Amino acid sequence: MNIKALNGFKDILPGEVELWQRLETLARDIFARFNFSEIRLPILEKTDLFARAIGEATDIVEKEMYTFVDKQVTMRPEATASLLRAYIEHGLHVQKPVQRLFTIGPMFRHERPQKGRLRQFHQMDVEVLGSTSPRVDAEMMAMGAMLLAELGLSVSLEMNSLGCPVCRPGFRTSLLAFLDERHQGLCDDCKRRSSTNPLRVLDCKNPKCREQVLEAPSLLEHLCADCADHLSGVQEGLEQLGVQYSLNKFMVRGLDYYTRTTFEFITGDLGAQAAVGAGGRYDGLIEQLGGPRGVPGIGFALGMERLVLLLQQKEAELTASGVDLFVAGLGEQSSRYGFGLTHALRTGGMRVVMDLEGRSLKSQMKQAGKLGVPYVLILGENELAEGKAVLRNMATQEQQELLLQDEASTVQTLVALISA
RNA sequence: GUGGAUGUAGCUCAGUUGGUGGCAGCACCUGGUUGUGGCCCAGGAGGUCGUGGGUUCAAGUCCCAUCAUUCACCCCA
């Protein structure tokens, strides 16, 4: 009986994990440039939190959550709900009027796995709480675009406005009337959606529906004055910051809580999973979860698996060695000496590899070459007897003799030579 | 949840009308060089042919089931 990882759950092995680290390191750097602070959140929350935040009727809540039914707790399917719960629970709005927070970690949804979609997947989630300024919206998108650009990925940005509780009901009514008229021309899914989630019909992929929907009433034309102002403020900000985007009046979000600005970073290189990042504004959500009144929010999440896939497509393996020195021993005496010296070098902060299997020098040189190590310290019996060793520069093939003094000064000498 | 495709060495894959698992490539180990990497050459190791049934004298090959992987739908990051 072979034990394997669960369907939709993946190990991230050495070789790939370096890409993840690079992604995370760069993201943390960029988040810091924009003054975001990290918050770390639990993976398990009360089921009710997600039901209230994401929406009872969404697919996520209805059928995709990993829930311990008897305990009424759920593995988080997304980060915003947990983050807002923490924000409210600790009264973070009192400490600072505007909070800028990010969190990185695994999420869980019981969907059928496919390319770029796992059951345990990882997101980097960024939220700004307490500001209605359209400049914040623009800044969020600019930050996402900056990260993607510095990763070397070309990804496009699409934006829309979903309006607010003032203007959306009116739009919904006219959309429903329109869909009713065109009912026969829609695909089966959209016939169903017309009643369950009419906005979703707008971004159906079926060409027939797309054609029908072209003439559908537009969200953008139904925006109230405040929402329209906000939208133009966002656009102005994006233009000022030089962020490329396109307005897509058919883009809709799957989670109930979004208002006004919504956006997606989209790629054509991941098959059906086009969105590598998406988010939007959710001005009523904090209050709805029992938080302070009238505190607005905006946020977005980046799908890390999807970004890593793109990075993998873009470039071959990372060849950076991650090792400073290879210590090669020849025979028992020198291996014994090298064993101790290796440890001393590591204590001194160096990344050192030594073969402990007693292999031939040729084999050890091969290993060193494969590792891409810049230097090899060769401890030969003859030299060792004279208190010497050979340091080989692998790139130039130059070798120099070293006088071995006490361990501490040998370490010092090597560190100086190698870091030079 | 629905539909399609695919499971043979660590990886990528051959395997004919059923008739002994491949001098296959990459990776790994050893040697060619009494103590020096990348190239080359030689050798070596590595397999429950996803699993369980069935048909057959005989199954990697045909049939059924099952598990897994994968792509798409749905949904979403």
Side-chain angles (χ1 to χ4, degrees), chain A residues 1-10 13 15 54 58-64 77-80 104-126 144 155 187-190 192-193 196-197 200 203-206 251-255 263-267 270-280 299-310 326 328-331 334 355 357 359-384 389-399:
Chain A
M1 198 235 310
N2 286 338
I3 298 182
K4 291 180 164 178
L6 290 171
N7 191 8
F9 289 71
K10 271 231 162 41
L13 301 175
I54 300 170
T58 58
D59 278 20
I60 293 179
V61 171
E62 270 186 355
K63 50 197 186 196
E64 294 175 1
E78 55 111 53
T80 304
I104 298 175
M107 311 292 157
F108 304 85
R109 292 182 201 171
H110 190 98
E111 300 178 273
R112 193 78 164 262
Q114 77 189 62
K115 186 175 191 179
R117 188 173 78 186
L118 295 172
R119 288 180 172 174
Q120 176 178 335
F121 60 103
H122 299 78
Q123 289 188 339
M124 301 191 288
D125 190 73
V126 187
V155 172
C187 70
D188 289 346
D189 281 321
C190 283
R192 174 177 54 79
R193 278 192 276 245
T196 58
N197 195 348
R200 276 262 150 219
D203 70 351
C204 181
K205 285 180 207 156
N206 186 310
M251 193 188 71
V252 172
R253 313 269 46 243
L255 281 54
F263 55 94
E264 284 186 5
F265 291 100
I266 293 175
T267 173
L270 286 179
Q273 304 331 303
V276 299
F300 74 101
L302 292 159
M304 296 179 75
E305 276 78 3
R306 293 178 186 181
L307 290 174
V308 168
L309 279 173
L310 290 177
F326 190 102
L330 280 161
S334 73
D355 178 90
E357 313 306 318
R359 290 197 226 272
S360 67
L361 180 59
K362 173 176 173 159
S363 167
Q364 296 189 64
M365 294 301 293
K366 252 189 186 171
Q367 292 179 55
K370 223 159 276 162
L371 285 167
V373 177
Y375 291 93
V376 175
L377 183 69
I378 301 168
L379 300 169
E381 301 269 297
N382 301 340
E383 289 89 340
L384 202 60
V390 171
L391 184 67
R392 178 181 176 87
N393 181 321
M394 294 296 274
T396 64
Q397 306 190 23
E398 284 166 348
Q399 304 197 159

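Treat the numbers as computed from the prediction; the structure is a model and nothing was measured. A note on names: the letters A, B, ... follow the listed sequences, proteins ahead of strands, and every chain is numbered from 1.
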For RNA chain B, please output the secondary structure as dot-bracket, reading 5' to 3'. Pairs are Watson-Crick or G-U wobble, both atom distances under 3.5 Å; mark crossing pairs with [ ], other-strand partners with |, unpaired with a dot. (((((((..((((.....[..).))).(((((.......))))).....(((((..]....))))))))))))....
When the C1' atoms of U61(B) and C49(B) are considered, how many whole Å apart are they? 10 Å
Looking at the side chain of K362(A), which of U36(B), U30(B), G35(B) is the nearest nucleotide? U36(B)
Just to be sure I understand the rule, does Q399(A) reach a base, reach only the sugar-phosphate, or reach nothing, if contact means heavy atoms closer than 4.0 Å? base
For E383(A), report the nucleic acid contact type (base, sugar-phosphate, nothing); a contact means any heavy atom under 4.0 Å. base
Are any of the side-chain heavy atoms of I54(A) and P77(A) separated by less than 4.5 Å? yes
Classify N7(A) by what it touches in the nucleic acid, base, sugar-phosphate, or nothing, heavy-atom distance under 4.0 Å. sugar-phosphate
For atom P, what is the distance between A27(B) and G19(B), given to the nearest Å? 33 Å
How far, in whole Å, is G4(B) from G43(B) if one measures between their C1' atoms? 46 Å
Worked check of side-chain hydrogen bond (donor to acceptor under 3.5 Å, both in side chains) between D355(A) and Q367(A): CA-CA 9 Å; D355(A) 178 90; Q367(A) 292 179 55; 3.0 Å; yes
Rounded to whole Å, how long is the line connecting atom NZ of K366(A) with atom P of A27(B)? 10 Å
Distance check needed: A77(B) P versus L118(A) CG, whole Å only. 15 Å
Protein-nucleic acid N or O pairs under 3.5 Å, nucleotides 72-74 of chain B:
from: A72(B); atom 1: OP1; to: A272(A); atom 2: N; distance (Å): 2.9
from: A72(B); atom 1: OP2; to: Q114(A); atom 2: NE2; distance (Å): 3.1
from: C73(B); atom 1: OP1; to: K205(A); atom 2: NZ; distance (Å): 3.2
from: C73(B); atom 1: N4; to: R117(A); atom 2: NH2; distance (Å): 3.3
from: C74(B); atom 1: N3; to: R117(A); atom 2: NH1; distance (Å): 3.1
from: C74(B); atom 1: N4; to: Q114(A); atom 2: OE1; distance (Å): 3.4
from: C74(B); atom 1: N4; to: R117(A); atom 2: NH1; distance (Å): 2.4
from: C74(B); atom 1: N4; to: R117(A); atom 2: NH2; distance (Å): 3.3

Expressed in angstrom and rounded to an integer, what is the separation of L309(A) atom CG from C71(B) atom C1'? 14 Å
With sugar-phosphate meaning primed atoms plus P, OP1 and OP2, does G116(A) contact a base, only sugar-phosphate, or nothing at under 4.0 Å between heavy atoms? base
Rounded to the nearest angstrom, tell me the gap between atom CG in N393(A) and atom P in G38(B). 17 Å
List for me each residue that meets salt bridge (Lys or Arg N to Asp or Glu O under 4.0 Å) alongside E111(A), sequence neighbours excluded, and say none if there are none. R117(A)
Does the U36(B) base have a donor-acceptor partner in the side chain of Q397(A) within less than 3.5 Å? no
Same-atom distance (P) from G50(B) to G10(B), integer angstrom: 13 Å
Which one, G31(B), A77(B), C29(B), comes nearest to the side chain of S360(A)? G31(B)
Would you measure the distance from the C1' atom in G47(B) across to the matching atom in U8(B) and give it in whole Å? 8 Å
Check whether the side chains of R392(A) and Q399(A) place a donor and an acceptor atom closer than 3.5 Å, and report yes or no. yes
Base, sugar-phosphate, or nothing: which does R392(A) touch, judged by heavy atoms less than 4.0 Å apart? base
Closest approach to the side chain of K370(A), judged atom by atom: which nucleotide of C29(B), U36(B), U70(B) is it? C29(B)
I want to check something: taking the side chain as every heavy atom from C-beta on, are V276(A) and I266(A) in contact at a cut-off of under 4.5 Å? no
Atom P, compared across U33(B) and G38(B): separation rounded to whole Å: 14 Å
Passing candidate, side chain to side chain donor-acceptor pair (under 3.5 Å) with E305(A), options H122(A), K115(A), Q120(A): H122(A)
Atom-pair distance (CZ on R359(A); C1' on G31(B)), nearest Å: 14 Å
Whole-angstrom distance between G52(B) and U16(B), as gauged at atom C1': 28 Å
How long is the line joining CD of E398(A) and P of G37(B), in whole Å? 17 Å
Rounded to the nearest Å, what distance is computed from the CG atom of residue L330(A) to the C1' atom of nucleotide U36(B)? 9 Å
For G277(A), which contact category applies under a 4.0 Å heavy-atom criterion: base, sugar-phosphate, or nothing? sugar-phosphate
Checking all strands, does A368(A) fall into the base, sugar-phosphate, or nothing category for heavy-atom contacts under 4.0 angstrom? nothing
Using atom P of each nucleotide, how far apart are U12(B) and C71(B) to the nearest Å? 14 Å
Spacing between L361(A) atom CG and G35(B) atom C1', to the nearest angstrom: 5 Å
Is the shortest side-chain heavy-atom distance between M304(A) and Q123(A) below 4.5 Å? no
Does the separation of the ring centres of F300(A) and F263(A) fall below 6.0 angstrom? yes
